[in-house]
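In what follows, chains are A, B, ... by sequence order, proteins preceding strands, each numbered from 1.
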Protein chains: 2
Amino acid sequence: MSHADQSLRERILQTSRTLLYSQGHLALSMRSIAKEVGVSATSIYLYFDNKDHLLHTLIEESVEELSVFIEDKVLQATTVVDKFTENIRAYVEFALTNPEKYQIIYNVHPEAMSRYPKEKFRKARRCYELLVGFIEEGVAKGLMEVANPVIAAYSIWAQLHGVVSVVINQRLDNRIDRDLFVQESLDHIVQGFLVRSTV
Amino acid sequence: MSHADQSLRERILQTSRTLLYSQGHLALSMRSIAKEVGVSATSIYLYFDNKDHLLHTLIEESVEELSVFIEDKVLQATTVVDKFTENIRAYVEFALTNPEKYQIIYNVHPEAMSRYPKEKFRKARRCYELLVGFIEEGVAKGLMEVANPVIAAYSIWAQLHGVVSVVINQRLDNRIDRDLFVQESLDHIVQGFLVRSTV
DNA sequence: TAGAATGGGTTAACACTGTTAACTTAACGA
DNA sequence: TCGTTAAGTTAACAGTGTTAACCCATTCTA
C-alpha cells in the first residue's frame, strides 16, 4: 500500500509545505523531502520535472489560498469603498498571519519564477481583477480619483508588497512599532486614492 | 607578486561583483570566484569568514553607492518639496538603472541578512534620515501632512521597494507599460503626502 | 647566522546539493 | 505464460560550502 490514502504526489506536496513552514526554505532539499515522506529522492521526479516545478506547484497553491481569503473577506463588505479597503487590508492580513505562505509566493527562489510560464498566474490575477473592478466602480461613482485603474491596482499591489516585505523580512527599524507602521502605510496608500471628502 | 596592484581581498570583491552582474547570483560560487581570480577557493576564507560574509560586504558597498547617488541628486534640488521628490525619484532611478546592484542589496540571499548585525545598515540609514529631515521640514512649513515623519519615511521606502521589485523581477503584467507604471506609482506615493494646494 | 615563527597560500576531503541513467519488481492484458 | 507498463529503487555525476592539514617563503629573534 504505497498509496495509502493520499497519492504520493500529494504526500510530497504536503510534506514540502510542512518542511517549508517549519525549517525554512533553505532546508528544503529533494532528499530532505524524500526522507520525510519515506521514499527515495528520485521518486519525486516521477511527479515533478524538477525542483522548480515542485516549488511552482506550491506557489500556485498559496496563490489560490490568498485569492480565496481575499474574496471571502471582500464579500463581507458592502460599499465600494469598504470593499476596496477590505481587499487591501485582507491582502496584508493574509501576508502577516501566514508569512510562510506569503514567502512561498514571493521569496522562494525568485529565479524559479522567471523560468515558468506567466499564464499560471491567472489565479493570482483573479483577485487583482477584483481590485480593478472596485476602483473602476469607485471612479464611476466619483468616490475615487485615479488616471488608470489597471495601473493603479498594480501599483497598490506593489506598494503593499513592499510594506509587507519590509515587515516580514524584519528590515524594520527597531524604533518603529510594527502595527503602527502597517496601519499608517495602509492609510496612506488607501487615502491617496480616495477623493478627500471625509478629511 | 601575488598582490600585484590590488590586494587579493579587493580582487575577490571586484570579481564577485562582475560575476554577479554578468552571470547572476546563481552562478556565484566560491569556486567560480576563485577560478576567475586565479586562486584556490579556500583562499577566499583567508579574507572572509564565509560566503555570507562576502555577500554582506558586497551589500554594504551597494548600499554605500546608493546613498551617495541619492545624496548627490538631492543636493541639486532647491525647495523642500523638490528635495523630497528628488530623493524618491533618485532611489527608483538608481534601482532601475542598476538593477544588479539593487538586487545585491535586497535579493541576494535574504537569509544571509538576518544572520548579520543590523548595525551595519547605518550607512543605509543615512539617506533615510535625509528623507525624514525633508518630511519634518515640509510639515513645519505646512507643505506636507503626515502623522509621524519617521514612520512615513519608512513607509515610503517600503512602497518604493515594492514598486521597484515588481518591475525588476518582471512581475508586471504585459499589458502595463513599465515607465507609465513607475511614474503613476511615484506620483501617487508623493502626492499622498503633499497638501493639496496645487491640485 | 641558524632556527623558530608567521603570513599567505595550497591540496584533499567531507557532507551536502539537484539530477540522470540504469536497474528492479510488481501488476496487468492478450 | 509472455510482454508491457507503472512505480519505484540504487549508483553515480557534477556541483556546492567548508574544514583540516600541509607547504613554503619571508621575517623575527637568540
**Item:** Distance-only donor-acceptor check, side chains B/Ser40 and B/Ser43, under 3.5 Å
**Value:**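 Indeed, the side chains of B/Ser40 and B/Ser43 share at least one donor-acceptor pair under 3.5 Å.
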
Any side-chain donor near an acceptor of the partner, A/Asp187 and A/Gln183, under 3.5 Å: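 Side-chain D/A pair, A/Asp187 to A/Gln183: present.
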
Whole-Å gap separating [atom2] ([N]) and [atom1] ([X]):
X: A/Arg9; N: D/dG8; atom1: CZ; atom2: C1'; answer: 17 Å
X: B/Leu46; N: D/dA20; atom1: CG; atom2: P; answer: 14 Å
X: A/Ile33; N: C/dC16; atom1: CD1; atom2: C1'; answer: 15 Å
X: B/Ile44; N: C/dT10; atom1: CD1; atom2: C1'; answer: 14 Å

Restricting both atoms to N or O, compile the protein contacts to nucleotides 16-19 of chain D shorter than 3.5 Å, with distance only.
{"from": "D/dT16", "atom 1": "OP1", "to": "B/Ser29", "atom 2": "OG", "distance (Å)": "2.8"}
{"from": "D/dG17", "atom 1": "OP1", "to": "B/Met30", "atom 2": "N", "distance (Å)": "3.1"}
{"from": "D/dG17", "atom 1": "OP1", "to": "B/Lys51", "atom 2": "NZ", "distance (Å)": "2.9"}
{"from": "D/dG17", "atom 1": "OP2", "to": "B/Met30", "atom 2": "N", "distance (Å)": "2.9"}
{"from": "D/dG17", "atom 1": "N7", "to": "B/Arg31", "atom 2": "NH1", "distance (Å)": "2.6"}
{"from": "D/dG17", "atom 1": "O6", "to": "B/Arg31", "atom 2": "NH2", "distance (Å)": "2.8"}
{"from": "D/dT18", "atom 1": "OP2", "to": "B/Tyr45", "atom 2": "OH", "distance (Å)": "2.8"}
{"from": "D/dT18", "atom 1": "OP2", "to": "B/Lys51", "atom 2": "N", "distance (Å)": "2.8"}
{"from": "D/dT18", "atom 1": "O5'", "to": "B/Tyr45", "atom 2": "OH", "distance (Å)": "3.2"}
{"from": "D/dT18", "atom 1": "O4", "to": "B/Arg31", "atom 2": "NH2", "distance (Å)": "3.4"}

Using rotation axes that map the C1' atoms of four end pairs onto the next four (five pairs an end), what angle separates the end axes of the helix from C/dT1-D/dA30 to C/dA30-D/dT1, to 10°?
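About 30°, once rounded to a multiple of 10°.
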
Partner residues of [X] under the salt bridge (Lys or Arg N to Asp or Glu O under 4.0 Å) criterion, sequence neighbours left out:
X: A/Lys141; result: A/Glu137
X: B/Glu65; result: B/Lys101
X: A/Glu129; result: B/Arg175
X: A/Glu61; result: A/Arg17

(message) Under 4.0 Å, counting only non-hydrogen atoms across every strand here, what does A/Tyr47 touch: a base, just sugar-phosphate, or nothing?
(response)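 Counting heavy atoms under 4.0 Å across all strands, the contact made by A/Tyr47 is with sugar-phosphate only.
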
**Asked** Do the rings of B/Tyr102 and B/Tyr91 sit parallel, tilted or perpendicular, given the 30° and 60° boundaries?
**Response**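 Geometry flag for B/Tyr91 against B/Tyr102: perpendicular rings.
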
Does B/Ser40 put a side-chain nitrogen or oxygen below 4.0 Å from OP1 or OP2 of C/dT10?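 Affirmative; the distance criterion is met.
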
- Item | A/Tyr154/A/Tyr128 under ring-ring contact (aromatic ring centres under 6.0 Å, His included): CA gap, chis, key distance, verdict | CA-CA 8 Å; A/Tyr154 242 85; A/Tyr128 157 70; 4.6 Å; yes

